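We use all heavy atoms of the structure for the numbers below, so side chains are in, but hydrogens, waters and symmetry mates are not. Because the structure is a prediction, the values reported are computed rather than measured.
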Amino acid sequence: YHAARTHKYQMKASQLLRLLQDYTKPVISAIEGYALGGGLETALMGDILIADEEAQLGLPEARLGLIPGGGGTQTLARLIGKAMTKELIWTARRVSGTEAKELGIVNHVTPKGGSLAKAREIAGEIAKVAPLAVMYSKAAINRGNDLPLAQGLATERDMSFVLNFSADREEGLAAFREKRPAEFKGK
């Protein structure tokens with residue numbers, strides 16, 4: 001019974017992580033307090049990570065005889081490399097928000113309690129640009145990251161070509177010519 005319940009929980013967590021991985025909109029993770037184990041693994045599925053200086057991040061599963069099972073071995077290694085990922089997982093060491101920035105885990109570190117405000121600031125900046133450009137560039141980056149360079153460039157070219165026919169492209173060019181803010185519609 002316990003094994004079945006554990007497996008069911010892991011399947012639900014896996015579905016959430018898959019949803020975040022495939023989500024077409026930007027995902028900004030704001031970390032305050034503790035992001036340990038599955039909490040950090042969920043945050044790592046974000047596109048932009050922000051932590052306050054006193055946040056504590058870590059993958060402590062090895063202390064329990066486990067390994068990270070929510071993508072941590074893969075997402076963290078892609079951010080900071082295999083050697084540092086192994087060290088953090090094998091020692092179960094926690095890092096502060098400040099150290100996480102130094103390691104390249106998070107994009108920004110804020111004073112205590114400031115990560116959500118920074119996340120909103122970045123979201124506001126993203127909201128000013130064409131939504132299709134954000135969606136397609138996210139897809140190009142995510143898909144191309146694991147491909148050989150030539151295939152990644154082909155993916156980027158294909159996605160760029162599609163945007164040539166969007167109403168947002170026309171609006172962006174018109175706004176540039178007329179020296180006014182663009183009013184994108186996501187079309």
Report all side-chain donor-acceptor pairs from residues 138-145 shorter than 3.5 Å, counting only partners two or more places apart or in another chain.
| from | atom 1 | to | atom 2 | distance (Å) |
| --- | --- | --- | --- | --- |
| Lys138 | NZ | Tyr23 | O | 2.7 |
| Lys138 | NZ | Lys25 | O | 2.7 |
| Lys138 | NZ | Asp47 | OD2 | 2.8 |

- line: In terms of heavy-atom contacts, Glu53 and Lys112 come closest through OE2-N, 3.5 Å

field: Spatial distance of atom OG1 (Thr110) from atom NZ (Lys118) [nearest 0.5 Å]
entry: 9.0 Å

- request: For the pair Leu44 and Ile105, evaluate side chain to side chain contact (heavy atoms under 4.5 Å, CB included) and give the outcome as yes or no after the intermediate values.
  value: CA-CA 8 Å; Leu44 288 169; Ile105 299 171; 4.1 Å; yes

message: Main chain of Glu183, side chain of Glu171: is a donor-acceptor contact present, judged purely on distance under 3.5 Å?
response: yes

statement: Value for NZ (Lys86) from OG1 (Thr91), rounded to nearest 0.5 Å, stands at 13.5 Å

field: Distance-minimising heavy-atom pair for Leu57 and Ala100
entry: CD2-CB, 4.1 Å

- prompt: Rounded to the nearest 0.5 Å, how far does CG of Leu163 lie from CG of Asp158?
  reply: 11.5 Å

field: Any donor-acceptor pair under 3.5 Å from Ser160 side chain to Glu156 backbone
entry: no

query: Under 4.5 Å between any side-chain heavy atoms of Asn107 and Ile122, yes or no?
result: no

- prompt: Hey, are the side chains of Ile89 and Ile67 touching, using non-hydrogen atoms and a 4.5 Å cut-off?
  reply: no

message: Tell me whether Glu41 contacts the main-chain N or O of Gly72 through its side chain, where contact means a donor paired with an acceptor under 3.5 Å.
response: yes

statement: Shortest non-hydrogen pair, Tyr136 vs Val162, comes out as OH-CG1, 3.5 Å

- line: In this structure, CD1 of Ile48 is separated from CD1 of Ile28 (nearest 0.5 Å) by 5.0 Å

- prompt: Nearest 0.5 Å, what's the CD1-CG distance between Ile31 and Leu49?
  reply: 5.0 Å

message: Between Lys187 and Glu170 (salt bridge meaning N to carboxylate O under 4.0 Å), is one present in this structure?
response: no

field: Over 12 non-hydrogen atoms of neighbours within 6.0 angstrom of CD in Gln56
entry: yes

message: To check you understand the geometry: which heavy-atom pair defines the closest contact between Ala51 and Val106, and what is its length?
response: CB-CG1, 4.0 Å

field: Closest contact, heavy atoms only, Gly186 versus Pro131
entry: CA-CG, 3.6 Å

statement: dist Arg169:CZ -> Leu132:CG (nearest 0.5 Å) comes out at 13.0 Å

- request: Ignoring hydrogens and angles, tell me if any N or O in the side chain of Glu32 forms a donor-acceptor pair with the backbone of Ser115 under 3.5 Å.
  value: yes

message: Quick one, Leu88 with Leu59, criterion side chain to side chain contact (heavy atoms under 4.5 Å, CB included). Give me CA distance, side-chain angles, the key distance, then yes/no.
response: CA-CA 7 Å; Leu88 292 178; Leu59 296 170; over 6 Å; no

- prompt: Does Arg78 reach the main-chain N or O of Gln74 with its side chain, forming a donor-acceptor pair under 3.5 Å?
  reply: yes

- prompt: Between Leu36 and Arg94, is any pair of side-chain heavy atoms under 4.5 Å apart?
  reply: yes

query: Shortest non-hydrogen contact from Asp52 to Val109?
result: C-CG2, 3.9 Å

- prompt: Do Met159 and Val134 share a hydrophobic cluster, counting only Ile, Leu, Val, Met, Phe, Trp and Tyr and linking them when any side-chain heavy atoms are less than 4.5 Å apart?
  reply: no

query: Any link between Phe184 and Met135 through a network of hydrophobic side chains (Ile, Leu, Val, Met, Phe, Trp, Tyr) touching at under 4.5 Å?
result: no

